[in-house]
Protein chains: 2
Amino acid sequence: MVTIRDVARASGVHVSTVSRTFSAPHLVNEKTRQAVLAVAAQLGYRPNRAARALTTGRTHNLGLIVADIANPFFPPLIKAAQGHARERDYHVFVADTDEDPVLEQELIETLSKQVDGVLLCSPRLSNQTIHRLRAEVPLVIVNRRVKGLTTVLMDVGQGARAAIDHLVGLGHRRIALLTGPPGSWTSGEIRQAATDRAAEAGVPLTVVGPNEPTEQGGLAAADKIAGHSAVLCYNDLVALGLIEGLVERGLSVPGDVSVIGIDDSLPGRLNRPKLTTITMPTAAAGRMAVDLLLAAVGAGEHAPHTTVRLETSLVIRESTQRASEP
Amino acid sequence: MVTIRDVARASGVHVSTVSRTFSAPHLVNEKTRQAVLAVAAQLGYRPNRAARALTTGRTHNLGLIVADIANPFFPPLIKAAQGHARERDYHVFVADTDEDPVLEQELIETLSKQVDGVLLCSPRLSNQTIHRLRAEVPLVIVNRRVKGLTTVLMDVGQGARAAIDHLVGLGHRRIALLTGPPGSWTSGEIRQAATDRAAEAGVPLTVVGPNEPTEQGGLAAADKIAGHSAVLCYNDLVALGLIEGLVERGLSVPGDVSVIGIDDSLPGRLNRPKLTTITMPTAAAGRMAVDLLLAAVGAGEHAPHTTVRLETSLVIRESTQRASEP
DNA sequence: GTGAAAGCGCTAACAG
DNA sequence: CTGTTAGCGCTTTCAC
C-alpha cells in the first residue's frame with residue numbers, strides 16, 4: 001500500500017506538504033503541488049479516507065438503512081441517494097433491516113462510528129429510540145414523521161385526495177380503501193386524506209385493513225371488497241394482487257372494478273391494464289435526504305431540524321374507468 | 001464519543017486490557033473481562049472499526065458494485081449479499097455505476113482503502129483493467145467470466161436448454177431468441193446454449209438482436225418476431241415488453257405466441273399471464289460471492305481463484321402453451 | 001494476565 | 001510556504 005510517506009520521500013518534501021496538496025491545495029506552492037501530484041499519480045497513491053477520518057472526524061461515508069431492499073419501492077430511492085452522495089464525494093453503506101427494529105438499532109449503532117450520518121427510511125424503531133440514537137449520529141428520516149428530527153415526507157395525502165376526486169369524477173359511489181400495516185405512517189396519511197375527501201364529496205368510503213403490503217395482501221383482500229366499484233390500495237403490490245384476485249373471480253379491471261395503486265413502481269407500469277397510481281417522488285426524496293443530512297453534518301450536534309414535504313400526484317393510466325351505470 | 005481510554009479509566013485498567021477484552025478476550029482474566037465489559041456497556045462504548053482497521057489492516061467492510069440498483073435483477077442479490085455479510089459482521093458499501101466503466105473503476109479505487117474486498121456484479125470494465133485492480137484489492141466477479149479471477153456464474157445455458165426443450169416439447173417449430181446487449185456474457189451463454197439445443201432437436205432458431213435489456217427493447221422487438229410461435233427473451237423485462245407489443249398487435253400470449261423470460265423477477269411473477277421464466281439464483285449468488293470474497297481476504301494476495309457455477313432452471317407458468325396446429 | 005510503548009496513515013496547530 | 005510535533009482510537013509486540 002502506497003502511503004503519504006512514500007509520496008513524500010519520492011518527491012523530496014515532508015509528509016505534511018503531501019497531506020496539504022490533497023486536503024488544502026491552496027496552502028501549497030503551485031510548483032510543489034504539481035510535483036507532488038505527479039509523483040502521487042505515478043505511484044498510484046490514494047488518500048486513505050479511514051485514516052483521514054481519524055483526525056478530521058469526517059468519514060465521508062453515509063449510512064442508508066431500509067426495511068427491505070427487495071421491495072420495489074426502495075431501489076429507486078437507494079439509487080438516487082447513492083448517486084447524489086457520490087457526486088458529493090460520499091460513499092454509502094446500505095443495510096437492510098428485514099423489518100426488525102432490533103437489527104435496525106444495532107445497525108445504526110455499529111455504523112455510527114464509520115459514517116457522518118444515517119438516512120433512515122421507513123424506520124420501525126420507536127420515536128424515543130430514534131431520538132436517543134440521534135445523539136450519537138446525525139439522522140434524517142424518510143417516510144415517517146418524527147417530531148424534532150429532520151424528516152423527508154412524501155405527501156401521499158395529496159395524491160390520495162386526487163385519487164378520490166378522480167374516482168368520484170368517474171361516477172364511482174362505492175369506493176373501498178385497502179390500508180397497509182398498522183404502524184405505517186403512510187397508511188395513516190392515506191386513510192386520513194381519503195376519508196376526509198370522500199366525506200367532502202358526500203361519497204361513502206369503506207376502509208378495509210390492515211393488509212399485508214404485498215401482492216398476497218391484495219390477493220387476500222379480493223373477497224373483502226365485494227360490492228365496491230373502485231378500490232384505492234396501500235401500494236402497487238397490493239393493487240396488483242387485488243387485480244389478480246379479481247380476475248380469478250371473473251371480474252375485469254377496470255371493466256367491473258377500478259383499481260388505484262400507490263408508488264408508481266415498475267411492476268405497476270408493466271401491468272396490463274397499466275396501473276393508475278400515485279407517483280411517489282422516491283428519487284427526489286433520496287437526494288433531498290442526502291442534502292439535508294449533509295447540511296446537518298456540517299452544522300453539528302444541535303442543528304435546526306426541518307420537515308420537507310414532497311408533492312405526489314395521481315397518474316391516470318388504464319386501471320380506472322367510468323363507473324358502469326348501476 | 002466514548003473511547004477505549006474512557007473505559008480504561010473508568011474500570012481502572014490499562015487501555016490495552018480493554019482492547020484485549022474486545023479483540024482477544026481469551027487473553028484476559030475472566031473477572032477483569034466481566035468488569036470491563038460492564039463498564040463499557042454502561043458507558044455505551046463501541047469499538048471504532050475504522051481506527052481498528054488502521055492497525056489490523058482489516059476494515060470489516062465490503063464493497064458491492066452493480067451496474068444499476070434499480071434493475072429488478074439486482075435488489076435480491078444486494079439484499080442477500082448484504083444480509084450474509086452482516087451475519088459475518090461485515091458492513092457493505094453499495095454503489096451503482098450507471099453502466100459507466102470509468103465510474104466503475106473510480107469507485108473501486110476510492111473504495112479499495114476502505115474495504116477488505118469488492119464484489120463486482122456484471123462489470124463493464126475490460127478484463128485487463130479488472131486484473132490490474134485485483135492487485136489493489138481482492139475482487140470477486142459475479143455474472144461474468146474473467147480468467148484468473150474468482151467468479152460466480154449463473155448457468156443460464158442450462159436454463160436456456162430446458163427452455164428450448166420445453167418449447168419443442170410443446171410442438172413449437174418456429175422459435176425466436178431475443179438476445180441482449182452485445183457485451184453481455186449472459187446473452188452469449190444463452191445464445192450458445194439455445195442454438196445448440198435447437199440444432200440438436202432439429203428445430204430452426206431465429207436469433208434476433210441485439211436488444212435493449214428493457215421493456216422498450218422487448219416492445220421494439222414485437223415486429224421483428226412475426227411468424228414465430230414462441231420466443232425466448234434475454235430477460236423478463238424484454239419478455240414483458242414483447243408481450244405488451246404482441247397484445248397491442250392483437251396477438252394473445254400464450255394463445256398465439258408462447259413467451260419465456262429470464263431472471264424470475266417480481267414483475268414477471270406479477271404479470272398476467274404469469275411469465276414462464278428461467279430462475280436465476282441471485283440470492284445464492286450474492287451469498288456465495290460474499291463467502292468467496294471473505295475466503296480470498298483471509299488467504300491474502302495470491303489466493304487461488306475459483307469459478308462457481310450455480311444452477312438455473314426453468315419455471316413453467318402461464319406464458320407458454322402447446323403450439324396451435326398450423 | 002497486565003502495563004508500557006510504538007505505530008497504523010493522516011491532519012492540524014505551531015514555528016520558522 | 002514548508003517542516004516539526006503531537007495525536008486521532010486502536011492493536012500489538014515486548015516486558016514485567
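Quick caveat, the model's predicted, so the values are computed rather than measured. Chain identifiers are assigned alphabetically (A, B, ...) following the order of the sequence lines, protein sequences preceding nucleic acid strands; residue numbering begins at 1 within each chain.
- Of the possible polar contacts, none joining the B/T17 side chain to the B/V13 backbone as a donor-acceptor pair under 3.5 Å is found.
- Heavy-atom contacts from other residues, nucleotides or ligands closer than 6.0 Å to CD of A/E87 number more than 12.
- Residues A/D89 and A/R49 are paired through a salt bridge, judged by an N-O separation under 4.0 Å between the basic side chain and the carboxylate.
- First and last contacts of DNA chain D with chain A, using any nucleotide atom under 4.0 Å from a protein heavy atom and ordered 5' to 3', fall at D/dC1 to D/dG9.
- With salt bridges taken as basic N to acidic carboxylate O contacts below 4.0 Å, one links B/R124 and B/E99.
- Atom CD of B/E311 sits in a sparse spot, with 12 or fewer heavy atoms from other residues, nucleotides or ligands closer than 6.0 Å.
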Could you run through nucleotides 8-15 of chain C and give me one letter per nucleotide, 5' to 3': B if any protein heavy atom sits under 4.0 Å from the base, S if only the sugar-phosphate is that close, - if neither? BBBBBB--
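- The main-chain N or O of A/F73 is found under 3.5 Å from a side-chain atom of A/N71 such that the two form a donor-acceptor pair.
- Within residues 25-35 of chain B, the residues approaching DNA chain C are B/L27, B/V28, B/N29, B/T32, by heavy-atom distance under 4.0 Å.
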In residues 137-148 of chain A, what donor-acceptor pairs under 3.5 Å come from side-chain atoms, sequence neighbours left out?
| residue | atom | partner | partner atom | Å |
| --- | --- | --- | --- | --- |
| A/N143 | OD1 | A/T186 | OG1 | 3.4 |
| A/N143 | ND2 | A/S122 | OG | 3.2 |
| A/R144 | NH1 | A/P123 | O | 2.7 |
| A/R144 | NH1 | A/L125 | O | 2.9 |
| A/R144 | NH2 | A/L125 | O | 2.7 |
| A/R144 | NH2 | A/N127 | OD1 | 2.6 |

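- Salt bridge B/D96/A/R86: absent, no basic N to carboxylate O contact under 4.0 Å.
- In this structure, the salt bridge (charged side-chain N to carboxylate O under 4.0 Å, His left out) partners of B/E30, at least two apart in sequence or on a different chain, are B/R33.
- The main-chain N or O of A/G180 is found under 3.5 Å from a side-chain atom of A/S187 such that the two form a donor-acceptor pair.
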Evaluate the criterion side-chain contact (heavy atoms from CB on, under 4.5 Å) for residue pair A/T307 and A/L153; output intermediate values, then yes/no. CA-CA 7 Å; A/T307 295; A/L153 265 21; 3.8 Å; yes
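- When the local axes at the two ends of the helix from C/dG1-D/dC16 to C/dG16-D/dC1 are compared, using 5 base pairs at each end, they differ in direction by 30° after rounding to 10°.
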